[in-house]
Amino acid sequence: MSFTEQQYASLNKVQLDESWKYNLAEFLLSPQMDALRDFLLQEKQQNKVIYPPSSLIFNALNTTPLNQVKVVIIGQDPYHGPNQAHGLSFSVQRGVALPPSLRNIFHELHTDLGVPIPRHGDLTHWAEQGVLLLNSVLTVEAGQPTSHQKQGWEDFTDHVIDVLNQQREHIVFILWGAYAQRKGQRIDPNKHLILKAAHPSPLAANRGGFFGCKVFSKSNNYLKQNGIEPIDWQLDA
């Protein structure tokens with residue numbers, strides 16, 4: 001894909017890992033992305049607090065470059081409480097209390113692999129090893145869950161999934177809950193492993209279908225079968 005000088009200038013302003021930036025350039029330069037930027041600007045001009053901070057909106061993509069992705073965990077939208085969201089799905093910054101869904105994830109991790117339950121909820125260690133922690137929607141207004149849905153983020157992250165689906169193979173896609181599973185319908189099961197389970201939120205998990213899903217061991221087994229280094233899921237040294 002060739003770009004005009006003006007398009008290059010526009011792309012250079014995007015704080016996004018180069019591997020992703022090039023492969024998502026068509027969307028980043030689209031009127032739809034312009035509309036999304038305008039929406040976010042208007043929200044800030046109304047003095048609304050947006051999570052995560054601007055510098056961390058693309059944290060998942062910047063921490064896990066395209067050629068390093070081994071596993072994708074799809075979330076819905078960022079946490080909407082103070083100091084929680086930092087651009088990685090299900091993850092919270094250190095020092096912040098664990099949200100109920102993350103507590104359930106850690107419980108499943110412990111029963112699946114025997115990994116000690118972590119003392120913090122920062123999943124950066126996973127992301128640095130190739131676990132793309134991708135929310136479908138990348139921003140939210142403080143205290144207003146789902147407030148930035150249907151503004152264009154869903155289409156952007158669909159493009160992210162399409163790039164992975166088309167350009168890579170042997171990726172594990174972990175789809176917890178109906179929302180993630182609908183988004184995952186575009187993934188080719190002949191090229192990748194798709195693991196489905198109930199959402200880890202207490203309401204969904206307690207109905208059954210999340211605890212015992214063993215996605216962590218299944219992911220590592222699949223990676224090893226395809227000659228790929230497995231994930232070290234342990235977060236505490």
So, the side chain of N59 versus the backbone of L88: is there a donor-acceptor pair under 3.5 Å, distance only? no
Going from CD1 on I117 to CD on E108, what distance comes out if it is rounded to the nearest 0.5 angstrom? 11.0 Å
Side chain to side chain donor-acceptor pair (under 3.5 Å) involving R182 - partner list, sequence neighbours excluded: none
Where does the angle between the aromatic ring planes of W233 and W126 fall among parallel (under 30°), tilted (30 to 60°) and perpendicular (over 60°)? perpendicular
Verdict with supporting geometry, K70 and S219, side-chain hydrogen bond (donor to acceptor under 3.5 Å, both in side chains): CA-CA 9 Å; K70 301 176 182 179; S219 296; over 6 Å; no
Mind checking whether F210 and W176 have parallel, tilted or perpendicular rings, split at 30° and 60°? perpendicular
Donor-acceptor pair, N226 side chain versus H170 backbone, under 3.5 Å? no
Residue pair I161 / I187, side-chain heavy-atom distance below 4.5 Å: yes
Could you tell me whether a side-chain N or O of Q46 sits under 3.5 Å from a main-chain N or O of L41, the two making a donor and an acceptor? no
Main-chain N/O of T63 paired to E128 side chain as donor or acceptor, under 3.5 Å: no
Evaluate the side-chain proximity of I73 to L132: yes if any heavy-atom separation is below 4.5 Å, no if none is. no
Evaluate the criterion side-chain hydrogen bond (donor to acceptor under 3.5 Å, both in side chains) for residue pair T146 and D77; output intermediate values, then yes/no. CA-CA 7 Å; T146 72; D77 58 356; 5.1 Å; no
Is the closest side-chain heavy-atom distance between E43 and V49 below 4.5 Å? no
Any side-chain donor near an acceptor of the partner, S136 and W153, under 3.5 Å: no
Sort and list the pairs that fulfil ring pair (Phe, Tyr, Trp, His ring centres under 6.0 Å) and have at least one residue in residues 98-123, not counting sequence neighbours. H107-F211
Taking the six-membered ring for Trp, is the centroid-to-centroid distance between F58 and W20 below 6.0 Å? no
Counting C-beta onward and ignoring hydrogens, is there a side-chain heavy-atom pair between F27 and D155 closer than 4.5 Å? yes
Where do H125 and Q234 come nearest, in terms of heavy atoms and distance? CD2-O, 3.2 Å
State, to 0.1 Å, how close P200 and A205 come at their nearest heavy-atom pair, and which atoms those are. O-CB, 3.8 Å
Within the side chain of K21, is there an N or O that forms a donor-acceptor pair under 3.5 Å with the backbone of L28? no
With heavy-atom distances below 4.5 Å as the criterion, would you say the side chains of P82 and Y51 are in contact? yes
Side-chain contact, heavy-atom cut-off 4.5 Å: T64 with V131? no
Please give me the minimum heavy-atom distance between L98 and R103, naming the atom from each residue. O-NH1, 2.8 Å
For residues Y179 and H199, establish whether the separation of their ring centroids is below 6.0 Å. no
Ignoring hydrogens and angles, state whether a donor on the side chain of K183 or T157 is under 3.5 Å from an acceptor on the partner side chain. yes
Can D232 and Q129 be counted as having a side-chain donor-acceptor contact under 3.5 angstrom? no
Atom pair CD1/CG of I174 and L134 - distance to nearest 0.5 Å: 13.0 Å
Minimum heavy-atom separation for V140 to P145, with atom names? CG2-CA, 4.1 Å
Expected output: side-chain H159 to main-chain L24 donor-acceptor under 3.5 Å: no
So, S89 versus N135: side-chain donor-acceptor pair below 3.5 Å or not? no
Below 4.5 Å, heavy atoms only, C-beta onward: do Q93 and Q84 meet side chain to side chain? no
Side chains of S54 and K44 only: does a donor on one sit below 3.5 Å from an acceptor on the other? yes
No-hydrogen, no-angle side-chain donor-acceptor test under 3.5 Å, N23 and Q167: yes
Within the side chain of N220, is there an N or O that forms a donor-acceptor pair under 3.5 Å with the backbone of P230? no
Which heavy-atom pair separates L61 from D17 by the least distance, and what is that distance? O-CB, 3.8 Å
Examine distances only and state if a side-chain atom of N221 and a backbone atom of S217 form a donor-acceptor pair shorter than 3.5 Å. yes
Is there a side-chain contact between R168 and V69, using heavy atoms and a 4.5 Å cut-off? yes
Residues 60-88 vs ring pair (Phe, Tyr, Trp, His ring centres under 6.0 Å), sequence neighbours excluded, gives none
